[in-house]
Amino acid sequence: MTHEAGIPLGIRFKLLSDTPQDSAAQVVNEVVVGDYRDLDTLREFARGCDVITFDHEHVPTEHLKALEADGIPVRPGPEALVHAQDKGVMRAKLDAIGVPCPRHRIVRDPADVAAFAAEGAVEGDGFPVVLKTVRGGYDGKGVWVVDSVEEAAEPFRAGVPVLAEEKVDFVRELAANVVRSPHGQAVAYPVVESQQVNGVCDTVIAPAPDLDESLALRAEEMALGIAKELGVVGHLAVELFQTRDGRILVNELAMRPHNSGHWTMDGAITSQFANHVRAVLDLPLGDPRPRAKWTVMVNVLGGDFPDMYSAYLHCMARDPQLKIHMYGKDVKPGRKVGHVNTYGDDLDDVLERARHAAGYLRGTITE
């Protein structure tokens with residue numbers, strides 16, 4: 001989708017891919033299959049590139065520093081990206097710059113988890129507690145909600161540092177998406193509501209319904225401030241909790257085009273992908289304003305029907321305004337294989353259209 005956004009600008013992409021079957025490898029002309037964790041592979045790949053950017057945060061920080069030392073522009077740079085790679089580093093930095101977060105601490109073992117829980121207890125033992133591996137987690141992976149010291153043993157078996165966080169009493173999850181260029185120009189998209197199912201993003205509503213204007217402005221200003229303080233170049237997604245007592249707390253950061261911004265492909269004047277490309281090339285950023293009153297994105301997850309394309313006839317005939325985006329992935333149960341976008345003036349109608357299409361493509365709706 002980033003490649004698609006660069007085509008009208010005449011931008012040539014070179015892709016380092018795990019396999020020839022990866023989504024981007026199916027459309028990018030110049031593909032190098034290799035391991036992003038191998039520095040020699042990265043150095044060979046980077047030759048001839050004007051700038052390096054990413055579709056995930058897992059390239060080792062020290063390797064990115066080596067590329068920068070070789071004179072290759074890396075955007076976002078490793079000093080910024082480490083805050084999306086390492087949750088412990090992220091929490092420490094956000095604390096230092098005064099950004100509100102859930103109560104948290106790096107914990108050593110299950111007994112330390114119990115001590116952390118007790119520190120915040122109003123009554124009882126302070127459980128449940130959220131535990132996260134500091135690196136490598138996404139879409140609910142590497143995250144546990146534990147109700148006792150006995151349940152807290154699992155996260156430590158991987159042998160990596162573990163971050164403990166309070167389980168926030170929140171009304172809903174929000175996301176603030178911003179884009180920042182090397183010379184400091186920045187734009188903010190409307191704050192959206194992000195609805196999760198089993199730890200995976202299911203639905204995004206843009207803008208977030210019934211969100212107080214002052215709270216929305218605070219979320220946008222917070223995201224822009226984080227981007228500036230961390231020196232982010234490119235797209236930054238700030239995932240947020242809206243608490244029952246009227247606060248917003250930062251949950252996660254992502255420094256790349258993000259699922260909570262996929263609605264912008266059809267619902268914004270300039271998509272997150274187009275603005276990410278513009279930012280990493282230091283081009284003037286595009287207008288992030290929405291094209292319609294409401295835009296809804298629903299993820300298409302794999303089900304028991306591998307041939308989703310046969311469902312196009314029904315979906316396209318039922319809703320000629322529907323926008324379907326499939327990723328070219330093998331269909332596996334629960335795997336994100338695409339998304340649909342709908343838009344319009346009536347939120348209930350827009351939601352129903354998006355959810356029907358996603359359900360029909362998955363096979364959970366058959367009429």
Side-chain angles (χ1 to χ4, degrees), residues 76 80 83-84 90-91 93-102 168-181 183-196 201 203-276 278-279 284-297 343 345 347 350-351:
H83 298 92
M90 179 262 289
R91 287 288 182 229
K93 181 64 174 181
L94 295 183
D95 285 347
I97 62 178
V99 173
C101 298
V168 175
D169 183 20
F170 61 89
V171 177
R172 58 179 169 176
E173 293 186 59
L174 305 171
N177 289 280
V178 300
V179 184
R180 182 174 179 272
S181 70
H183 68 272
Q185 184 191 8
V187 296
Y189 290 93
V191 176
V192 301
E193 178 177 333
S194 178
Q195 300 175 358
Q196 317 295 312
C201 178
T203 302
V204 171
I205 305 172
D210 302 317
L211 180 62
D212 183 82
E213 187 176 343
S214 63
L215 202 62
L217 182 60
R218 192 184 316 162
E220 290 179 11
E221 290 175 340
M222 183 186 297
L224 289 167
I226 292 170
K228 181 179 179 180
E229 288 285 347
L230 272 54
V232 176
V233 172
H235 184 271
L236 170 69
V238 182
E239 298 179 67
L240 303 160
F241 293 125
Q242 181 182 355
T243 67
R244 295 191 186 279
D245 57 3
R247 296 173 297 148
I248 49 173
L249 305 176
V250 172
N251 180 25
E252 302 279 0
L253 301 180
M255 293 180 196
R256 51 177 168 78
H258 189 256
N259 206 183
S260 65
H262 283 5
W263 69 272
T264 64
M265 294 178 72
D266 305 296
I269 294 173
T270 311
S271 76
Q272 64 166 347
F273 298 99
N275 263 334
H276 182 74
R278 292 188 188 200
L285 301 181
D287 193 332
R289 287 179 299 170
R291 294 178 182 270
K293 183 176 180 180
W294 300 106
T295 302
V296 170
M297 188 279 312
Y343 46 84
D345 294 332
L347 178 56
V350 174
L351 270 169

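FYI, side chains are in, hydrogens and waters are out, and symmetry mates aren't considered; it's all heavy atoms of this structure. Residue numbers count from 1 along this sequence. Just so it is clear, the model here is predicted, and its values are computed rather than measured.
Among residues two or more places apart in sequence or in another chain, the side-chain hydrogen bond (donor to acceptor under 3.5 Å, both in side chains) test is passed with T203 by none. When the side-chain hydrogen bond (donor to acceptor under 3.5 Å, both in side chains) test is applied to H262, the partners found at least two apart in sequence or on another chain are Q272. Remark: N251 pairs with K132 by the side-chain hydrogen bond (donor to acceptor under 3.5 Å, both in side chains) rule, at least two apart or across chains. Residues passing the salt bridge (charged side-chain N to carboxylate O under 4.0 Å, His left out) test with D287, sequence neighbours excluded: R289. Contacts of R247 classified as salt bridge (charged side-chain N to carboxylate O under 4.0 Å, His left out), with partners at least two apart in sequence or in another chain: D245. Partners of D169 under the salt bridge (charged side-chain N to carboxylate O under 4.0 Å, His left out) rule, at least two apart in sequence or in another chain, are R244. Residues passing the salt bridge (charged side-chain N to carboxylate O under 4.0 Å, His left out) test with E193 are R172, sequence neighbours excluded. A227 pairs by the side chain to side chain contact (heavy atoms under 4.5 Å, CB included) definition with V178, R180, V232, L236, not counting sequence neighbours.
Applying the side chain to side chain donor-acceptor pair (under 3.5 Å) rule to pairs touching residues 215-233 yields nothing, sequence neighbours excluded. Within the structure, the ring-ring contact (aromatic ring centres under 6.0 Å, His included) test picks out the following pairs touching residues 239-259 (sequence neighbours left out): F170-F241. Pairs passing the ring-ring contact (aromatic ring centres under 6.0 Å, His included) check and including a residue from residues 210-239, sequence neighbours excluded, do not occur. The list of salt bridge (Lys or Arg N to Asp or Glu O under 4.0 Å) pairs with a residue in residues 267-276, not counting sequence neighbours, is empty.
Between Q195 and I205 the shortest side-chain heavy-atom distance falls below 4.5 Å.
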### Query
Taking it one step at a time, do N177 and S260 satisfy side-chain hydrogen bond (donor to acceptor under 3.5 Å, both in side chains)?
CA-CA 8 Å; N177 289 280; S260 65; 3.3 Å; yes

### Task
Report the C-alpha distance between V191 and L215 in whole Å, list the side-chain angles of each, state the deciding distance to 0.1 Å, and finish with yes or no for side-chain contact (heavy atoms from CB on, under 4.5 Å).
CA-CA 10 Å; V191 176; L215 202 62; over 6 Å; no

